[in-house]
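Here is the structure we will look at.
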There are 2 protein chains.
Amino acid sequence: MIIIGELLNGMYKNVGKAIVEKDRSVIQRIAKAQVEAGADVLDLNCGPVSKDQVSDLKWLINAVEEVTDRAIAIDSSKPKVIEEAIKVARNKTIINSTTADAEKLEILVPLAKQHNSGLIALSINKKGIPQNKEQRLELAANIVAFCIENDFPVTDLYLDPVVMPVDVAQAQLKEILESIREFKLLCDPAPKTVVGLSNISQGVVDRSLVNRTFLIMAQAAGLDAAIVDPLDEKLMDAMITAELVLNKQIYCKAYLEAYRKSKL
Amino acid sequence: MIIIGELLNGMYKNVGKAIVEKDRSVIQRIAKAQVEAGADVLDLNCGPVSKDQVSDLKWLINAVEEVTDRAIAIDSSKPKVIEEAIKVARNKTIINSTTADAEKLEILVPLAKQHNSGLIALSINKKGIPQNKEQRLELAANIVAFCIENDFPVTDLYLDPVVMPVDVAQAQLKEILESIREFKLLCDPAPKTVVGLSNISQGVVDRSLVNRTFLIMAQAAGLDAAIVDPLDEKLMDAMITAELVLNKQIYCKAYLEAYRKSKL
């Protein structure tokens, strides 16, 4: 599993404040903590506090790259912001994210190709979030087709079925799990799959329990990557144990420790 | 999920001692504790300490039926023992278990039919435990065919893919999950599926973590019932949350409590 750390997001108070005040130490401490906890990729998002997204995102990228060579996910809903910010990145990058809309794909797929970057693609379009598996698959198939036509390697594509909160769209969670399973069958070699996990548990009392239960099921369905809080130890234990059950991690008595050591 | 409590088994020291000493209070305390924790069925197995399995199992059934009207699983590898013991049962019963061997099916399928009993059937035969999904499916298909030929309702059949310990047969766990998924497709209406969960974590340091991770995946694959320790609260929390994600339990803030209350 590719773990994408979600904590460097301006919507979190401490991160938002650090972005506004240009406080590198706060950002770098959170970056290092996530890496030590097992994050393979660090998501970077300026959030709503940013007055100048391009300059703030560049600053964020620089601050993080000073303390780690892990990959970074450049996270913005605005293609123009990503297009500018990615220029300063030296680490491996993942663009987060495109939708199935042509105007986004036409900018972001060539951009990802040019930078040898991964690309997260949400199976949504301007019409909104799909209400069933079939709609998700249709949008994902369009994205895959666009990538193939434009010579972008689908193994660098991360299809995101868009997870819904359990208290809003409970019946859809099963559809989302099936979507992950079927996304993997869209072409050969298969595209990668990703979820923004914490969406599922908005408003839930024990968020971590719901998050990790869904994550385990998603892993069994073939999930490749997840945007999560890597400091949630129970979530990480569950993720590692799911890898064990799925035979992606060799068994030994101290398999949790062994996994964590292998990441450092 | 149908939760079959595993604690009334003579292989556990306290239960073995109580069976030998005919101490009803110990047995009844464990029976009640499992029911209060959410067990739908109580498995009853005399274990290796029993010198007279028929009489001990009858005593166990009587002791348990004095304190609960939940269903009981009459657990022995000897068809003759089950044939005698089931005569004294007044509660709903599940026979645990037959294999795919003709000499067992020929006794236990008609017996289950006669007593309106459920029947747990292991997808193994005299040749031993299958090494892959295909062998499990072949044996399960033979069992289903035998039930249909003998007019035993397959909705009362609980097919068990036989779970292996992660430190012995790690690569098989994925096959077992796929087997559960495919067992459900063997006929329409579908047979039920069951696992003896704790086998998976023999020798593992944090057994509950491995057990509940596998259980969640098995539920997503369509598992109907599991033989577990219902006093393992984290396991039960995981099971309930998996039902929530799979839309089998309606969401509310206190969904864990709501589930537990609904069982009492």
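Proteins come first, then strands; the chains are lettered A, B, ... in the order of their sequence lines, and each starts at number 1. Reckoned from all heavy atoms, side chains included, excluding hydrogens, waters and symmetry mates.
No other option in A:Tyr255, A:Tyr251, A:Phe214 has as many heavy-atom pairs under 4.5 Å with chain B as A:Tyr251. When each of B:Leu246, B:Asn247, B:Leu177 is checked for heavy-atom pairs under 4.5 Å with chain A, B:Asn247 comes out on top. Of the listed residues (B:Val245, B:Ile176, B:Val204), the one with the most heavy-atom contacts under 4.5 Å to chain A is B:Val245. Counting heavy-atom pairs closer than 4.5 Å to chain B, the top-ranked of the candidates A:Val166, A:Leu173, A:Leu209, A:Ile250 is A:Leu209. Interface check for chain A: of the options B:Gln219, B:Arg181, B:Gln172, the most heavy-atom pairs under 4.5 Å are formed by B:Arg181. Of the residues considered (A:Val205, A:Leu244, A:Leu256, A:Asp237), A:Leu244 shows the highest number of contacts with chain B, using heavy-atom pairs under 4.5 Å.
The number of heavy-atom neighbours closer than 6.0 Å to CD of A:Glu134, taken from other residues, nucleotides and ligands shown, is above 12. Counting non-hydrogen atoms of other residues, nucleotides and ligands closer than 6.0 Å to NZ of A:Lys32 gives a total of 12 or fewer.
Within the 4.5 angstrom heavy-atom criterion, only side-chain atoms of A:Glu178, from C-beta onward, approach chain B.
Annotation for A:Val162 and A:Ser123: closest pair CG2-N, 4.0 Å, computed over non-hydrogen atoms.
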Does the side chain to side chain donor-acceptor pair (under 3.5 Å) test come out yes or no for A:Tyr158 and A:Ser97, once each step is laid out?
CA-CA 9 Å; A:Tyr158 293 75; A:Ser97 57; over 6 Å; no
Report the C-alpha distance between B:Asp43 and B:Asn9 in whole Å, list the side-chain angles of each, state the deciding distance to 0.1 Å, and finish with yes or no for side chain to side chain donor-acceptor pair (under 3.5 Å).
CA-CA 8 Å; B:Asp43 190 73; B:Asn9 189 314; 4.8 Å; no
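Between atom OG1 of residue A:Thr98 and atom CD1 of residue A:Ile95 there is a gap of 9.0 Å, rounded to the nearest 0.5 Å.
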